[in-house]
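Working notes, beginning with the structure itself.
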Amino acid sequence: MKMNISTNEGNPNTLKLVIAAKVAQHAVTVKTVQPKVGFLSRLPSIELSSGLVLFSTNAAMQLIVPSSSQESKLLNNKWLEWEISRLQPAIAFYGNTGIYKTTQKSCLWSLLRELNNALEDKQYLIKDNNDLSLADICIWVTLWSTVMVTEIGNELNKEYLSIKNWISSIELLPVIQDSIEEYKFERGSKAIFSIQAVSWFPVNTSSNPKPSKPADLQLSPTKEKEMEAVNQEEIQNISSNWSSKSYLDVKNFPYPVLPKKGEKNILITSALPYVNNVPHLGNIIGCVLSADIFARYCRQRNYNTLFISGTDEYGTATEAKALEEKTTPQNICDKFFDIHNDVYRWFNIGFDYFGRTTTPEQTEIVQSFFLKIKSEGYVLSETVDQLLCESCDRFLADRFVEGTCPRCKYEDARGDQCDGCGHLVNATDLISPRCKVCSNRPIVKKSQQFFLDLPKLENKLKEWSSTVEKGWSSVAKVVAKPWLRDGLKPRCITRDLKWGIPVPIKGFENKVFYVWFDAPFGYISITKRYTKEYQQWWKPTDVQVDLYQFMAKDNVPFHAIMFPAYLLAANEGYTLMKHLMATEYLNYEDTKFSKSRGIGVFGTDARDTGIPADVWRFYLAYIRPETQDSNFNWVDLATKNNSELLNNFGNFVNRALVFAEKYFDSKIPPIELQEDDLILLALAQRELSSYIHALEQAKLRDGLKNVLAISKHGNQYMQFQEPWVKIKGTDNDKKRAGTIIGICCNLACLLSALLAPFMPCTARELRSQLGLQKNNYGYIPDVITSILPTGHKIGKPSPLFKKIEDKDVEILRRKYAGKQETTSSSSGDVKLLDSAITEMDNKVKKLKAKFDKSGWPSSQIQIFSALKKKLPDLINEKNKSPESKSKKPETVSVPEQNGDVAMDVASLEAAIAKQGDLVRQLKAKEERSVWQPEVEKLLKLKKQLGDLTGTAAAPTDKKSKKKK
């Protein structure tokens with residue numbers, strides 16, 4: 001691959017690209033150019049052979065040298081973020097002022113201490129790497145080319161030996177030597193100013209209104225595509241719209257919200273969660289949170305919007321949970337309804353009504369629908385073979401049966417659906433079925449049941465789906481397509497159970513409706529609980545209602561096939577789903593959420609983390625699994641919070657408002673648009689248009705990134721316009737500074753509206769700082785206009801976000817990582833097997849995403865099933881062994897920066913001695929805030945030793961602590 005680099009003279013960031021190209025063995029050509037005038041200038045840029053031009057050095061490096069693993073990628077991202085958003089701005093500040101060390105220690109010096117601690121006892125920053133990482137390259141180049149040849153370098157070499165050794169060893173590497181020889185430049189202050197000349201971070205921090213620390217004033221490095229030039233038509237449109245278009249108010253919707261003729265009417269549902277568990281993060285983003293973000297967007301567009309959801313309370317899942325907790329199904333429903341309600345309320349999910357299915361309205365609607373469908377000839381009565389557990393003396397509902405799938409041979413298929421191949425199955429078709437309660441093999445017994453005649457409805461379903469499928473998410477299309485293609489079969493809709501809605505037919509009094517016949521009607525019955533005028537939404541006559549349904553992919557068959565079939569069979573003009581917005585699955589730190597094993601964050605845990613609900617909403621939307629499974633990761637959460645929210649969005653709006661407060665008496669100054677202003681607004685208009693396009697299709701992740709792109713443009717614009725310089729100049733300069741700040745405050749106002757669907761509390765706080773009422777979130781317009789007029793009085797600015805510290809991330813990561821096995825050969829086998837299952841599970845998911853049943857190799861499923869079958873046997877064998885019960889552990893698991901490390905007595909004693917020396921050194925020259933955390937580490941190590949040896953930790957530590 002051939003790469004062309006364009007750079008200004010002597011820019012050290014160019015050396016990063018040269019090194020990355022050599023590591024990847026790509027040819028590279030460096031060309032020195034003059035920086036462009038205006039805020040769109042940024043160098044170096046790199047043009048790939050494909051023609052793509054990247055302006056972000058760190059993003060370009062990640063494309064040239066991809067990370068070898070997900071964990072490596074996340075750690076690289078963390079350090080690259082640190083380098084571009086904290087280290088480089090601090091060095092720029094030093095280059096301007098010459099100040100790097102005071103009695104309280106400057107920002108730069110504290111950053112160097114942080115790096116030194118990270119490098120202690122390591123050759124490279126990322127411990128598992130056998131060679132240079134991108135993080136090592138970037139940070140090394142920045143330090144080697146700038147501060148190491150200034151007066152800082154001498155002190156740094158004396159105080160931070162780990163950095164000194166790291167810099168020296170990297171400099172000797174052949175790839176580094178070759179790169180230095182190829183791209184030569186002058187190190188030191190000239191290199192610092194070369195970076196400043198074409199970078200986005202503010203270099204006049206001493207006079208620039210800013211958040212609490214100069215280090216927080218940089219944008220996040222994101223992958224960028226080549227920016228097309230703003231054309232004259234865009235500029236003309238912006239110029240015309242800015243003053244001529246009025247900004248609308250958000251409507252006050254009366255109660256109840258009802259559809260209206262000639263207006264956009266949006267009915268939104270999220271899949272009804274079962275009441276047999278606590279929802280985890282994947283459940284939340286898969287249905288209720290995604291639906292809530294979309295509903296909030298619709299309301300801010302003045303669409304007549306109704307958002308309905310509730311708990312699904314009938315069915316065997318509830319009955320099974322009641323057996324487990326030795327209580328009644330109704331008690332389970334009451335308990336978990338309250339839990340779900342509290343969780344969703346904390347997440348600020350704005351339902352118009354959150355109901356439940358154990359209501360008289362639900363019973364009435366389900367029974368009347370059944371009778372209507374039966375009268376239309378779509379219900380069959382057949383004698384079926386049903387599984388009876390003689391040990392439990394009960395017919396087994398689908399969820400009480402497990403066995404081997406007859407299609408793919410997956411051994412843990414349920415009696416209603418196989419998680420291996422995704423197809424619905426009949427319990428009696430399972431190979432080697434077993435009772436989930438007692439594990440005994442059930443017998444087959446005849447039972448009379450009702451069936452929905454799906455083959456008779458197949459043509460109607462095909463005709464309907466062909467007209468609406470284009471409005472479905474890609475995941476929904478992939479899951480639903482095989483159903484109609486392979487042909488439908490009659491589906492049993494009754495069960496021999498007690499917990500459910502009774503079948504209103506003589507002779508069937510002891511039977512209830514199958515939960516997936518009953519549950520979808522919950523959307524209608526809950527709407528009826530909300531308003532007696534519910535039929536205006538579900539049986540509209542002279543209005544158009546668009547139904548959007550949100551769910552994870554496992555619920556797609558019931559919403560794409562079963563529920564529409566019921567409504568079509570009734571033939572009474574019911575509202576049919578138009579947009580099916582399904583997602584893939586969200587995993588937790590490369591594994592599955594597990595309440596029993598303590599793995600993952602569940603809804604009731606989120607508040608305990610201390611992280612605001614809005615940050616959870618933001619991050620879950622940012623990683624929403626729209627096209628493929630995604631992964632929740634603590635390091636990534638902190639990185640996105642600190643870069644995108646704190647350094648990008650929060651930095652922009654806070655700087656604009658603080659400047660207005662400081663220099664313009666908290667009032668919006670007069671605005672006289674010039675070309676650079678129009679270019680900024682045109683770029684923001686592009687993002688606004690893309691935002692609306694994405695949100696209209698419920699592509700929430702894309703829409704959120706458009707919001708962040710606008711604030712990024714604003715940061716870049718403010719940086720190059722330098723209002724902090726102009727405000728000290730001539731009258732014309734001061735007027736120009738007023739225009740710049742007036743535009744930025746208006747963009748901040750627009751951003752408050754765009755962010756509101758994702759982060760409603762933050763948006764409300766920002767509106768307060770903007771001097772606006774908080775009773776609504778602001779209208780989301782099609783075009784950018786002047787929202788805040790000249791003279792508008794803003795409120796008191798304050799930072800919107802807080803940094804998430806690395807130490808807090810590590811604590812949370814350990815807390816929700818699940819129970820750890822003690823170190824032994826058998827537990828090691830369990831871990832290896834568990835790891836193999838996870839890996840095979842990921843392979844299975846990828847196969848499901850790419851192939852249908854005809855092209856899907858079942859051998860993978862057989863391997864997966866065999867592994868899963870072996871795991872409980874191995875765990876049982878381990879638990880039964882006398883050694884596991886009597887033998888004391890010879891090692892303990894000690895938390896380290898890159899994971900838990902097993903230590904024996906000798907290792908712990910050595911670690912305690914080393915930590916003790918560190919504590920003594922820090923106490924001699926540092927403040928308490930610096931050495932206190934290290935004291936806590938020492939005490940924990942001593943406690944670990946005491947636990948291992950059966951002796952108490954030395955009491956002298958407590959005494960010394962009191963004296964301090």
Could you state the interatomic distance from [atom1] ([X]) to [atom2] ([Y]), rounded to the nearest 0.5 Å?
X: Met577; Y: Tyr548; atom1: CE; atom2: OH; answer: 12.0 Å
X: Leu772; Y: Ser752; atom1: CG; atom2: OG; answer: 6.5 Å
X: Ile284; Y: Asp292; atom1: CD1; atom2: CG; answer: 11.5 Å
X: Leu580; Y: Phe550; atom1: CG; atom2: CZ; answer: 10.0 Å
X: Leu812; Y: Ile611; atom1: CG; atom2: CD1; answer: 5.5 Å
X: Thr305; Y: Ile266; atom1: OG1; atom2: CD1; answer: 6.0 Å

Check: [X]/[Y] side-chain N/O donor and acceptor closer than 3.5 Å:
X: Thr269; Y: Gln549; result: yes
X: Asn631; Y: Asn587; result: no
X: Asp518; Y: Gln362; result: yes
X: Glu313; Y: Thr311; result: yes
X: Lys511; Y: Ser447; result: yes

Take atom [atom1] of [X] as the centre, draw a 6.0 Å sphere, and report whether it contains more than 12 heavy atoms from other residues, nucleotides or ligands.
X: Asn252; atom1: CG; answer: no
X: Glu509; atom1: CD; answer: yes
X: Lys802; atom1: NZ; answer: no
X: Lys699; atom1: NZ; answer: no

Salt bridge [X]-[Y], side-chain N to carboxylate O under 4.0 Å:
X: Glu325; Y: Lys335; value: yes
X: Arg414; Y: Glu402; value: no
X: Lys264; Y: Glu696; value: yes
X: Asp412; Y: Arg434; value: yes
X: Lys803; Y: Asp808; value: no
X: Lys498; Y: Glu319; value: no
X: Glu324; Y: Lys321; value: yes

pair [X]-[Y]: side-chain heavy atoms closer than 4.5 Å:
X: Pro540; Y: Val545; result: yes
X: Val543; Y: Lys260; result: no
X: Pro273; Y: Asn283; result: no

Which heavy atom in [X] sits nearest to a heavy atom in [Y], and how many Å separate them?
X: Pro442; Y: Pro433; answer: CD-O, 3.6 Å
X: Leu586; Y: Pro625; answer: N-CG, 4.1 Å
X: Phe253; Y: Arg299; answer: CE1-O, 3.9 Å
X: Leu430; Y: Gly403; answer: CD1-N, 3.8 Å
X: Val437; Y: Leu323; answer: CG2-CD1, 4.4 Å
X: Pro760; Y: Arg296; answer: CB-NH1, 3.5 Å

Close aromatic pair by centroid cut-off 6.0 Å: [X] and [Y]:
X: Phe558; Y: Trp516; value: yes
X: Phe369; Y: Tyr566; value: no
X: Tyr530; Y: Tyr255; value: yes
X: Trp472; Y: His559; value: no
X: Tyr622; Y: Phe618; value: yes

>> As a test of understanding, state which of Ile526, Ile268, Leu306, Thr527 forms a side-chain contact (heavy atoms from CB on, under 4.5 Å) with Asp352.
In response: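 For Asp352, the side-chain contact (heavy atoms from CB on, under 4.5 Å) test succeeds with only one of Ile526, Ile268, Leu306, Thr527, which is Leu306.
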Relative to each other, are the rings of [X] and [Y] parallel, tilted or perpendicular (30° and 60° limits)?
X: Tyr303; Y: Tyr297; value: perpendicular
X: Phe593; Y: His280; value: parallel
X: Phe632; Y: Trp634; value: perpendicular

>> Can you list everything that forms a side chain to side chain donor-acceptor pair (under 3.5 Å) with Tyr619? Sequence neighbours excluded, please.
In response: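 Only Asp636 meet the side chain to side chain donor-acceptor pair (under 3.5 Å) criterion with Tyr619.
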> What residues form a side chain to side chain donor-acceptor pair (under 3.5 Å) with Gln417, not counting sequence neighbours?
Replying inline: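 Expected list: none.
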Without swapping roles, check the side chain of [X] against the backbone of [Y] for a donor-acceptor pair under 3.5 Å.
X: Glu626; Y: Thr583; result: no
X: Thr494; Y: Phe450; result: yes
X: Ser309; Y: Ser270; result: yes
X: Asn302; Y: Lys251; result: yes
X: Asp312; Y: Ala519; result: no
X: Asp614; Y: Cys761; result: yes
X: Ser630; Y: Ile623; result: yes
X: Arg491; Y: Leu452; result: no
X: Ser768; Y: Lys774; result: no
X: Gln769; Y: Ser798; result: yes

> Between Phe307 and Ile349, is a side chain to side chain contact (heavy atoms under 4.5 Å, CB included) present by the stated rule, with each step listed?
Replying inline: CA-CA 10 Å; Phe307 176 24; Ile349 308 297; 3.9 Å; yes
> Among Lys553, Arg624, Gln628, whose side chain to side chain donor-acceptor pair (under 3.5 Å) with Glu584 holds?
Replying inline: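 The option that passes is Lys553.
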> Think Arg617 forms a cation-pi with Phe758, using NZ or CZ under 6.0 Å from the six-ring centre and within 45 degrees of its axis?
Replying inline: no
> Which is it for Tyr523 and Leu272 under the side chain to side chain contact (heavy atoms under 4.5 Å, CB included) test, yes or no, and what are the steps along the way?
Replying inline: CA-CA 8 Å; Tyr523 302 126; Leu272 307 182; 3.6 Å; yes
>> side chain to side chain contact (heavy atoms under 4.5 Å, CB included) for Leu567 and Glu572? Distances and angles first, verdict last.
In response: CA-CA 8 Å; Leu567 300 179; Glu572 291 185 342; over 6 Å; no
Counting only pairs under 3.5 Å, give me each side-chain donor-acceptor contact of residues 598-608, with atom names and distances, residues two or more places apart or in other chains.
residue	atom	partner	partner atom	Å
Asp605	OD2	Phe602	N	3.0

